[in-house]
Chemist: 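I'd like to ask you about the structure that follows.
Since we're looking at a predicted model, the values are computed, not measured. What's counted below: heavy atoms across the whole structure, side chains too, no hydrogens, waters or symmetry copies.
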Amino acid sequence: QVWLVESGGNSVQAGGSLRLACVASGDAGSRKCMAWFRQAPGQEREGVASITTASGSTYYADSAKGRFTISQDNAENTVYLQLNSLKPEDTAVYSCAMQRALACYSALWSRPGWYNVWGQGTQVTVSS
(Lines give C-alpha, C1' and ligand atoms only; values in the text may rest on other atoms or scores of the structure.)
Protein backbone atom coordinates (compact mmCIF):
# COMPACT_ATOMS: atom_id res chain seq x y z
CA GLN A 1 0.00 0.00 0.00
CA VAL A 2 1.18 3.51 -0.81
CA TRP A 3 0.33 6.83 0.81
CA LEU A 4 0.88 10.24 -0.69
CA VAL A 5 1.11 13.29 1.52
CA GLU A 6 1.27 16.79 0.10
CA SER A 7 2.52 19.93 1.80
CA GLY A 8 3.52 23.47 0.97
CA GLY A 9 0.20 25.07 0.13
CA ASN A 10 -0.37 28.60 1.38
CA SER A 11 -1.90 31.98 0.66
CA VAL A 12 0.26 34.30 -1.45
CA GLN A 13 -0.02 37.49 -3.44
CA ALA A 14 -0.14 37.43 -7.22
CA GLY A 15 3.36 37.13 -8.62
CA GLY A 16 4.55 35.11 -5.66
CA SER A 17 5.99 31.61 -5.51
CA LEU A 18 5.37 28.39 -3.64
CA ARG A 19 6.96 24.96 -3.61
CA LEU A 20 4.67 22.01 -3.08
CA ALA A 21 5.97 18.63 -1.98
CA CYS A 22 4.48 15.16 -2.26
CA VAL A 23 6.03 12.38 -0.21
CA ALA A 24 5.29 8.77 -1.12
CA SER A 25 5.34 6.25 1.70
CA GLY A 26 5.05 2.50 1.49
CA ASP A 27 5.91 0.18 -1.35
CA ALA A 28 5.82 2.74 -4.15
CA GLY A 29 8.27 0.91 -6.42
CA SER A 30 10.82 2.48 -8.72
CA ARG A 31 8.85 2.68 -11.96
CA LYS A 32 5.95 5.05 -11.71
CA CYS A 33 4.36 8.17 -13.03
CA MET A 34 3.82 10.94 -10.52
CA ALA A 35 1.60 13.90 -11.30
CA TRP A 36 0.16 17.06 -9.85
CA PHE A 37 -3.47 17.94 -10.39
CA ARG A 38 -5.50 20.90 -9.22
CA GLN A 39 -9.17 21.53 -8.70
CA ALA A 40 -10.80 24.89 -8.18
CA PRO A 41 -14.33 25.18 -6.73
CA GLY A 42 -16.93 24.26 -9.30
CA GLN A 43 -14.34 23.13 -11.83
CA GLU A 44 -13.07 19.77 -13.02
CA ARG A 45 -9.78 18.38 -11.79
CA GLU A 46 -6.99 19.51 -14.11
CA GLY A 47 -3.65 17.85 -14.75
CA VAL A 48 -0.83 20.33 -14.13
CA ALA A 49 2.39 18.36 -14.61
CA SER A 50 3.76 14.85 -14.48
CA ILE A 51 7.12 13.16 -14.17
CA THR A 52 8.31 9.66 -15.01
CA THR A 53 10.39 8.73 -11.99
CA ALA A 54 12.74 6.38 -13.86
CA SER A 55 13.77 8.87 -16.54
CA GLY A 56 12.79 12.30 -15.23
CA SER A 57 10.75 12.96 -18.37
CA THR A 58 8.02 15.54 -17.80
CA TYR A 59 4.75 16.78 -19.22
CA TYR A 60 3.07 20.10 -18.51
CA ALA A 61 -0.35 21.57 -19.09
CA ASP A 62 -0.31 24.69 -21.24
CA SER A 63 -1.36 26.73 -18.20
CA ALA A 64 1.75 25.56 -16.35
CA LYS A 65 4.41 25.88 -19.02
CA GLY A 66 7.01 28.51 -18.24
CA ARG A 67 5.76 29.09 -14.68
CA PHE A 68 5.63 25.71 -12.93
CA THR A 69 8.36 23.10 -12.64
CA ILE A 70 7.97 19.50 -11.51
CA SER A 71 11.01 17.74 -10.08
CA GLN A 72 11.85 14.76 -7.90
CA ASP A 73 14.16 13.49 -5.23
CA ASN A 74 14.10 9.74 -5.65
CA ALA A 75 16.18 9.15 -2.55
CA GLU A 76 13.46 10.87 -0.51
CA ASN A 77 10.53 9.49 -2.56
CA THR A 78 9.43 13.08 -3.01
CA VAL A 79 8.04 14.97 -5.98
CA TYR A 80 8.00 18.76 -5.99
CA LEU A 81 6.00 21.36 -7.86
CA GLN A 82 7.59 24.79 -7.99
CA LEU A 83 4.96 27.45 -8.63
CA ASN A 84 6.25 30.81 -9.86
CA SER A 85 4.52 33.96 -11.11
CA LEU A 86 1.31 32.83 -9.45
CA LYS A 87 -2.00 34.25 -10.62
CA PRO A 88 -5.39 34.39 -8.90
CA GLU A 89 -6.64 31.79 -11.37
CA ASP A 90 -4.08 29.34 -9.96
CA THR A 91 -6.12 29.19 -6.76
CA ALA A 92 -7.11 25.56 -6.19
CA VAL A 93 -6.53 22.45 -4.16
CA TYR A 94 -3.38 20.82 -5.52
CA SER A 95 -3.14 17.05 -5.25
CA CYS A 96 -0.50 14.57 -6.25
CA ALA A 97 -1.25 11.22 -7.80
CA MET A 98 0.66 8.06 -8.63
CA GLN A 99 0.36 5.27 -11.14
CA ARG A 100 2.78 2.36 -11.36
CA ALA A 101 3.89 2.46 -14.98
CA LEU A 102 7.00 2.53 -17.12
CA ALA A 103 6.25 6.13 -18.04
CA CYS A 104 3.78 8.96 -17.98
CA TYR A 105 2.19 8.62 -21.39
CA SER A 106 1.21 11.71 -23.33
CA ALA A 107 -2.33 10.44 -23.90
CA LEU A 108 -2.87 9.39 -20.29
CA TRP A 109 -0.93 11.55 -17.84
CA SER A 110 -3.56 14.27 -17.50
CA ARG A 111 -6.49 11.88 -16.98
CA PRO A 112 -7.40 11.61 -13.27
CA GLY A 113 -8.96 8.17 -13.82
CA TRP A 114 -5.60 6.71 -14.87
CA TYR A 115 -4.12 7.12 -11.39
CA ASN A 116 -4.86 4.76 -8.53
CA VAL A 117 -3.23 6.53 -5.60
CA TRP A 118 -4.04 10.07 -4.50
CA GLY A 119 -2.98 12.39 -1.74
CA GLN A 120 -5.36 14.50 0.30
CA GLY A 121 -4.42 17.78 -1.36
CA THR A 122 -3.01 21.11 -0.26
CA GLN A 123 -4.70 24.49 -0.71
CA VAL A 124 -3.09 27.22 -2.78
CA THR A 125 -4.75 30.62 -2.65
CA VAL A 126 -3.49 33.52 -4.75
CA SER A 127 -4.84 36.99 -4.08
CA SER A 128 -4.67 39.94 -6.45
Side-chain angles (χ1 to χ4, degrees):
Q1 191 171 359
V2 178
W3 296 266
L4 303 177
V5 179
E6 302 97 332
S7 63
N10 212 330
S11 297
V12 297
Q13 296 277 345
S17 297
L18 287 172
R19 189 174 82 154
L20 309 182
C22 172
V23 179
S25 302
D27 184 18
S30 61
R31 295 183 180 273
K32 54 189 180 289
C33 172
M34 299 291 295
W36 284 95
F37 285 77
R38 66 184 183 184
Q39 188 168 23
Q43 297 188 21
E44 293 186 355
R45 186 172 282 179
E46 173 192 20
V48 176
S50 70
I51 187 165
T52 298
T53 56
S55 66
S57 178
T58 59
Y59 288 107
Y60 290 93
D62 287 344
S63 59
K65 290 177 182 176
R67 298 190 300 128
F68 299 171
T69 303
I70 190 170
S71 61
Q72 62 181 345
D73 182 338
N74 285 339
E76 298 294 330
N77 285 324
T78 301
V79 173
Y80 300 98
L81 186 67
Q82 178 69 41
L83 309 174
N84 295 330
S85 302
L86 283 163
K87 306 174 182 179
E89 52 263 43
D90 295 319
T91 295
V93 174
Y94 286 71
S95 302
C96 68
M98 188 196 86
Q99 172 63 284
R100 289 186 178 87
L102 294 177
C104 300
Y105 303 103
S106 60
L108 294 174
W109 78 267
S110 62
R111 297 184 183 184
W114 186 57
Y115 298 86
N116 56 15
V117 183
W118 288 85
Q120 83 288 350
T122 186
Q123 177 71 46
V124 172
T125 302
V126 185
S127 57
S128 57

Chemist: For Y94, check ring pair (Phe, Tyr, Trp, His ring centres under 6.0 Å) against everything at least two apart and list the hits.
Modeler: none
Chemist: Determine, for D90 against K87, whether the closest basic-nitrogen to carboxylate-oxygen distance falls under 4.0 angstrom.
Modeler: no
Chemist: Do any N or O atoms from the side chain of S57 and from the backbone of S55 form a donor-acceptor pair under 3.5 angstrom?
Modeler: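 No: the side chain of S57 does not pair with the backbone of S55.
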Chemist: Is the ring pair W109/Y59 parallel, tilted or perpendicular, if the boundaries are 30 and 60 degrees?
Modeler: parallel
Chemist: Provide the closest heavy-atom pair for Q120 versus L4 in the form atom of the first, atom of the second, distance.
Modeler: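 The pair with the smallest heavy-atom distance is OE1-O, 3.7 Å.
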Chemist: I need the minimum non-hydrogen distance between A61 and G47, along with the two atoms involved.
Modeler: CB-O, 3.2 Å
Chemist: Hey, does the side chain of E6 reach the backbone of C96 with a donor-acceptor pair shorter than 3.5 angstrom?
Modeler: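 Checked: pair present.
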Chemist: Considering non-hydrogen atoms only, spot the tightest contact between T53 and N74 and give its length.
Modeler: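 The answer is O-ND2, 3.4 Å.
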Chemist: Applying the 4.5 Å side-chain criterion to the ILVMFWY set and letting contacts propagate, would V5 and V79 be lumped into a single cluster?
Modeler: no
Chemist: Once rounded to the nearest 0.5 Å, what's the spacing between atom CG of L20 and atom CZ of R38?
Modeler: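 Those atoms lie 11.0 Å apart.
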Chemist: Quick one: do V2 and R100 satisfy side-chain contact (heavy atoms from CB on, under 4.5 Å)? Show the steps, please.
Modeler: CA-CA 11 Å; V2 178; R100 289 186 178 87; 3.2 Å; yes
Chemist: Any chance you could lay out the side-chain contact (heavy atoms from CB on, under 4.5 Å) test for W3 and V23, step after step, and finish with the verdict?
Modeler: CA-CA 8 Å; W3 296 266; V23 179; over 6 Å; no
Chemist: Check for me, please, whether W118 and L81 land in the same ILVMFWY cluster - side-chain distances under 4.5 Å, paths through other members count.
Modeler: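 In one cluster: no.
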Chemist: Please report the shortest heavy-atom distance between R67 and L86, naming the atom on each side.
Modeler: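 Minimum heavy-atom contact is NH1-CA, 4.0 Å.
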Chemist: For the pair T122 (side chain) and S7 (backbone), establish whether a donor and an acceptor sit closer than 3.5 Å, ignoring hydrogens and angles.
Modeler: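 Such a contact is absent between T122 side chain and S7 backbone.
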Chemist: Output, in order, the C-alpha distance, side-chain angles, deciding distance and verdict of side chain to side chain donor-acceptor pair (under 3.5 Å) for E89 and S63.
Modeler: CA-CA 10 Å; E89 52 263 43; S63 59; over 6 Å; no
Chemist: Treating Ile, Leu, Val, Met, Phe, Trp and Tyr as nodes and any side-chain heavy-atom pair under 4.5 angstrom as an edge, say whether Y80 and L83 lie in one connected cluster.
Modeler: no
Chemist: How long is the gap from OG1 on T52 to NZ on K32, to the nearest 0.5 Å?
Modeler: 11.0 Å
Chemist: Please step through side-chain contact (heavy atoms from CB on, under 4.5 Å) for the pair Q123 and T91, ending with a clear verdict.
Modeler: CA-CA 8 Å; Q123 177 71 46; T91 295; 4.0 Å; yes
Chemist: Between Q39 and A92, is there a donor-acceptor pair closer than 3.5 Å when you use the side chain of the first and the backbone of the second?
Modeler: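 Pair absent, no side-chain N/O of Q39 close to backbone of A92.
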Chemist: Run the numbers on Y115 and S50 for side-chain contact (heavy atoms from CB on, under 4.5 Å), then give the verdict.
Modeler: CA-CA 11 Å; Y115 298 86; S50 70; 4.3 Å; yes
Chemist: Would you say Y105 and F37 are hydrophobically clustered, going by side-chain heavy atoms of ILVMFWY under 4.5 Å?
Modeler: yes
Chemist: Compare every heavy atom of W114 with every heavy atom of C104, then report the nearest pair and how far apart it is.
Modeler: CA-CH2, 4.3 Å
Chemist: Shortest non-hydrogen contact from M34 to I70?
Modeler: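 Scanning both residues completely, I find the closest heavy atoms to be O-CD1, 4.1 Å.
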